[in-house]
Protein chains: 2
Amino acid sequence: MVKAADRAKNPARSSVWLEKRAARAGGGPAGLDRDRIVAASIRMLDEEGLAKFSMRRLAAELNVTAMSLYWYVDTKDDIIEFALDALYGEIDLAAVDAAGGWQGRIRALALAFRRMLVRHAWASPCAGSYLNIGPNAIAVGTKIQEAIRDTGLPLHGLPGAMSAVFQFVYGYGTLESQFGRRAAEAGMSQDDFFTEAVSAFRDDPEFAVQVADMKEILDERVSHGSVSDIWERDFAYALDILIAGIEVMAARTE
Amino acid sequence: MVKAADRAKNPARSSVWLEKRAARAGGGPAGLDRDRIVAASIRMLDEEGLAKFSMRRLAAELNVTAMSLYWYVDTKDDIIEFALDALYGEIDLAAVDAAGGWQGRIRALALAFRRMLVRHAWASPCAGSYLNIGPNAIAVGTKIQEAIRDTGLPLHGLPGAMSAVFQFVYGYGTLESQFGRRAAEAGMSQDDFFTEAVSAFRDDPEFAVQVADMKEILDERVSHGSVSDIWERDFAYALDILIAGIEVMAARTE
DNA sequence: CTGGGTCTCGTACACCGTACAAGGGCTCTC
DNA sequence: GAGAGCCCTTGTACGGTGTACGAGACCCAG
């Protein structure tokens, strides 16, 4: 029974997870349920994207009216925050433990995180602007901390190292997933889309000099294979750099 | 005179910059102008945020009706894309050249990029989902390529190295700016906001074990100073890792 | 039978992006 | 001077959005 009046007491709550109230039971005639709402949301977000996702459409999917959802949830943002945390749950932490050494665990975590972002193109805009303090996000964060802690870096370097690796993964996953999303929306393959995007400045005489500089890199890129091969290769190389860098910094302070 | 019919021929154009049409002159009675529109947009976005930014509000700011804007611009998204590119123009590339060595130039570029993202909290959600192929973005990208090229890394490693550094900066800037934005929206200092966010799991008995693991890091963090000091320190350390990693990888292939 | 909680729905409000057509004012041509 | 035509601005309208509010429908306890 948290109605508007109660909600108004907490006007700028910055995350659902800071709300202490428990989830609604949900044995009503419509068979609604917070978990069902979140699951349906993820399905719709995956299929139609963040832009088309609306309370009315979600409600229709669940054979219910929009306002029914508000019994289980305070705002649309809360649904998205729940959905986002559920995505963190897709990351298989047991598999991470199976990898050997902190290097292996960091690689495994980075890859799983990146794959999650790419699989759900709506996730990275959300992850970027919410707090990510749900239980699944925290669990992933803890695993990350454990891995970073084992690098042998000094205490004051641990947060920086965590950022170096996982803010990179977030950025990379964002780039990759949004590129894929826009290509799909334009009805093109990623390869065609890449060609079109490059054409924006390749054809512009003002950028002729710059293009000459880039040409070598672009050519190497194209000759290497498809865009999706490139995503893999560059990601792997970046991780190599990061791990090498951590090893060096750890050795320096021994 | 690109009207709806013409626009429909290019239904899913993925960037303003792929449009060939030149900007509208704009000597009309209202003194409107694409540059004026973009400048006003940046001002409003800085002050009120992406969520409150609307065509009607922007038009009111310019003493004009919403539909007038559509003479100079095809969609709201186009305005944002123009505004975003203008932000890249704030990055002082001449100052970057003044820094010594590729290490210095990478540090200078990274810092300037991060500062830009933090100064304009609306920028990182946008930068994440648009293509960033406007003239200013390309100019920055070119400077980045030049710096990376001088690292001595093999050709096939250059894109990965670029990503390692600048997707990290993007991710870090996103985290920092969105954290600042949410704190401001909640009417708190970043320090208070941080405390509240941590409390979400610190108080939860389920996470007691995890918190024990984190405690050392959190304590070190708090003892080090304010949140904004921490942002600086961790960013610097992450860049140290990245540069060390690049140096190692370059040496390996010599 | 009568509450009162749990859940769903209908209606309504303010706001959004933008399509469309109707102008006003200017300049250029006859 | 009259008219045509372009540049720019506006009014109105459509189909959406999130969600506040109040009215019910159902069920279970007293």
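Order of the sequence lines fixes the chain letters, A, B, ..., with proteins taken first and strands second; residue numbering starts at 1 for each chain.
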With sequence neighbours left out, the residues meeting salt bridge (Lys or Arg N to Asp or Glu O under 4.0 Å) with Lys76(A) are none

Across all chains, not counting sequence neighbours, the salt bridge (Lys or Arg N to Asp or Glu O under 4.0 Å) partners of Asp78(B) are Arg13(B)

Residue pair Gln167(B) / Gln167(A), side-chain heavy-atom distance below 4.5 Å
no

Per-helix bend value, the helix from dC1(C)-dG30(D) to dC30(C)-dG1(D), C1' rotation axes over five pairs per end, 10° rounding, shows 30°

By ring pair (Phe, Tyr, Trp, His ring centres under 6.0 Å), Phe194(A) pairs with (sequence neighbours left out) none

Integer-rounded Å distance: [N] [atom2] and [X] [atom1]:
{"X": "Leu69(B)", "N": "dA19(C)", "atom1": "CG", "atom2": "P", "value": "13 Å"}
{"X": "Lys76(B)", "N": "dC16(C)", "atom1": "NZ", "atom2": "P", "value": "8 Å"}
{"X": "Met67(A)", "N": "dC9(C)", "atom1": "CE", "atom2": "P", "value": "12 Å"}
{"X": "Tyr70(A)", "N": "dG18(D)", "atom1": "OH", "atom2": "P", "value": "6 Å"}

Winner on side-chain proximity to Arg24(A), out of dC7(C), dC8(D), dG18(D), is dC7(C)

Considering only heavy side-chain atoms of Thr75(A), the closest of dT19(D), dC9(C), dT6(C) is dT19(D)

Ordered by number, residues from residues 46-65 of chain A within less than 4.0 Å of DNA chain D (heavy atoms) are Phe53(A), Ser54(A), Met55(A), Arg56(A), Arg57(A)

Within residues 30-43 of chain B, those residues having any heavy atom closer than 4.0 Å to DNA chain D are Ala30(B), Gly31(B), Leu32(B)

**Message:** Ring centres under 6.0 Å, that's the criterion: do Phe82(A) and Trp17(A) meet it?
**Reply:** yes

Can Glu47(A) and Lys52(A) be counted as an ion pair, charged N to O under 4.0 angstrom?
-> no

Practice problem: State whether Glu185(B) and Arg181(B) are salt-bridged, where the test is any N-O pair (Lys NZ or Arg NE/NH1/NH2 against Asp/Glu carboxylate O) under 4.0 Å. | Solution: yes

Expected output: side-chain Glu81(B) to main-chain Val16(B) donor-acceptor under 3.5 Å
yes

Look at the aromatic rings of Phe168(A) and Tyr172(A) and report parallel, tilted or perpendicular, splitting at 30° and 60°. tilted

Exercise. Take the angle between the ring planes of Tyr170(A) and Tyr170(B) and call it parallel below 30°, perpendicular above 60°, tilted in between.
Key: parallel

Under 4.0 Å between a side-chain N or O of [X] and OP1 or OP2 of [N]?
{"X": "Ser68(A)", "N": "dC9(C)", "answer": "yes"}
{"X": "Trp71(B)", "N": "dT9(D)", "answer": "no"}
{"X": "Tyr72(A)", "N": "dT8(C)", "answer": "yes"}

Nearest heavy-atom contact between Ser177(B) and Val118(B) is CB-CA, 3.8 Å

